[in-house]
Amino acid sequence: MMAGLPLLLLGGLLEVCSGVSANRGGYPSFTDEVPFKISWPGVEFSLPKSGGLYHEDDFVIMTTTEKEKYKCILPSLTAGDEDDDKEYGGPTPGDLLDPLFKRSSCSYRIESYWTYEVCHGKHIRQYHEEKETGQKISVQEYFLGNMAQKTQTTATDKVEEAENVKSAETEVHSKNIEGQLTPYYSLEMGNGTPCVLKQNEPRATSVLYVCHPEAKHEILSVAEVTTCEYEVVVLTPLLCAHPKYRFKSSPVNAIFCQALAGSPLQPQRLAQLDKETEEQLKPPFSATSEAREEEATPIREEAFTSTHKPMTVGGQTQVTVGTTHISRLTDDQLIKEFLSGSYCLHGGVGWWKYEFCYGKHVHQYHEDKEQGKNIVVVGSWNAEEHIDWAKKNVARSYQLKDDGVQKVKLVSHFYGHGDLCDLTGKPRQVIVKLKCKESESPHAVTVYMLEPQTCQYILGVESPVICRILDTADEYGLLSVSS
């Protein structure tokens, strides 16, 4: 199951409903910062005693365009743990991030055309490189902001700057990031490349630093919020030492909608919409169809982008996890540890996160303060089962280079025997696709997961590191350390 499905259901419900009457007063309004899940229980139903609080007189009556009526009992809204009022006497967020600013560290995000460079505490650059005739490299670049000092600083400027820093250190701002209300520390960068569309005003960027315990200062997203004004979200473990900046999991609040006056258990149009969407977007998962797909369609370099745009696939949500940076170990050491399964790759920044250990397993997990770590085994490695699968499928795909040399571009591995799926009654399974993707950043890695059919997954891993080992793939797509 993927995160985001409750919001999809909520959106579908609102589309088919034409009228709402409410019986709740004094409660805060619903927002997309608190996740909800709609359930359609039958007549024999009792409200849960644990979790969110429910009251029989706290409900809304929903009427669809087909005059179907539902009584929807609403929970008392909650946004998670509230521990912000606890005393904290440790370093300020600026102090916690200071080591990152002092060591001249840069993070990169590679998209289909542009590459974004964030040199923390220094500048932000957007650029594109192309090789012209004669191997000359042409660079198109814009500085979206930098920390250059003003040419003249008055006493008033210094006082205002000190007050702004003090305010930024004490006030904790939050915003909806990947469907979760997330606290952040903002660093403002101005003095960028002049913007022609704004009378040559310099470009400016707000860099939002967000706590993530397992992050390596990767760029989560880049957005142009208004003309030539940008917002960059950076994941960092440094802020996690501050209690007010730790990620707070938002509980999923259940909404129970019961049919009234002979209405069906679930609105007919919503049920039909779910079925049609699943049928239209559901690709076949059979051996023959996948083989035909691999043989008939050439591999496009940008078939999978690194942008964070959720999309619905087979009634589920695909989460594409943007480019991150894996360990700075030497390439040979990194490859050996990766192929031995001791160095695992992680992805995901929403409710579900993913762990891929080559030759071992693919896990989907969620960490919660109260309930601990909830792990779903998506697939486990078995060499014999993979070889049987590879005999019926394309496990090794090639690309013809400009010089006529055929190079391995992608290998696919089968991981079966995952946890039993409640919806199908069968074990989960996943196809892992390892793809070479050239990049200016040699340790960049892009991870994505999608669910084309219920509890049958595809995990994509793209990185320059993989380019070095793909040519070692045997007929079954199995990799080894090159000699």
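Everything numeric in this text was worked out from a predicted model, so none of it was measured.
Expressed to the nearest 0.5 Å, how far OG of Ser221 lies from OH of Tyr116 amounts to 11.0 Å. To the nearest 0.5 Å, the span separating CG on Leu74 from CD1 on Ile255 amounts to 5.5 Å.
Here Phe143 pairs with His123 under the ring pair (Phe, Tyr, Trp, His ring centres under 6.0 Å) rule; sequence neighbours left out. Residues satisfying the side chain to side chain donor-acceptor pair (under 3.5 Å) criterion with Arg125, sequence neighbours excluded, are Glu117, Glu141. Every salt bridge (charged side-chain N to carboxylate O under 4.0 Å, His left out) that Asp471 has, sequence neighbours left out, goes to Lys407.
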Could you walk me through whether Tyr185 and Tyr209 pass the ring-ring contact (aromatic ring centres under 6.0 Å, His included) check?
CA-CA 5 Å; Tyr185 177 77; Tyr209 287 92; 7.1 Å; no
From CA spacing to verdict: ring-ring contact (aromatic ring centres under 6.0 Å, His included), Trp381, His386:
CA-CA 8 Å; Trp381 175 254; His386 165 74; 5.1 Å; yes
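One N or O on the side chain of Ser107 and one on the backbone of His217 form a donor-acceptor pair closer than 3.5 Å. At distances below 3.5 Å, at least one donor-acceptor pair connects side-chain atoms of Tyr415 with backbone N or O atoms of Gly359. Between the side chain of Lys409 and the backbone N or O of Cys436 there is at least one donor-acceptor pair closer than 3.5 Å.
What you find for Arg428 and Val377 is that their closest heavy atoms are CD-O, 3.9 Å.
Ring to ring, Phe338 and Tyr343 are not that close: their centroids are 6.0 angstrom or more apart.
With salt bridges taken as basic N to acidic carboxylate O contacts below 4.0 Å, none links Glu462 and Lys433. Salt-bridge annotation for Glu231 and Lys175: present, with a side-chain N of the basic residue lying under 4.0 Å from a carboxylate O of the acidic one.
There is no side-chain donor-acceptor pair under 3.5 Å between Ser105 and His120. His212 and Glu218 share no donor-acceptor pair across their side chains, judged by distance under 3.5 Å alone. For the residue pair Tyr230 and Arg203, a side-chain donor N or O sits within less than 3.5 Å of a side-chain acceptor on the partner. Side-chain contact, Thr226 with Glu229: a donor N or O sits under 3.5 Å from an acceptor N or O.
Annotation for Lys373: atom NZ counts as buried by contact number, over 12 foreign heavy atoms lying within 6.0 Å. Remark: Asn200 CG is packed, more than 12 non-hydrogen atoms of other residues, nucleotides or ligands lying under 6.0 Å away.
His361 and His363 have parallel rings, their planes meeting at less than 30° on a 0 to 90° scale where 60° marks the start of perpendicular.
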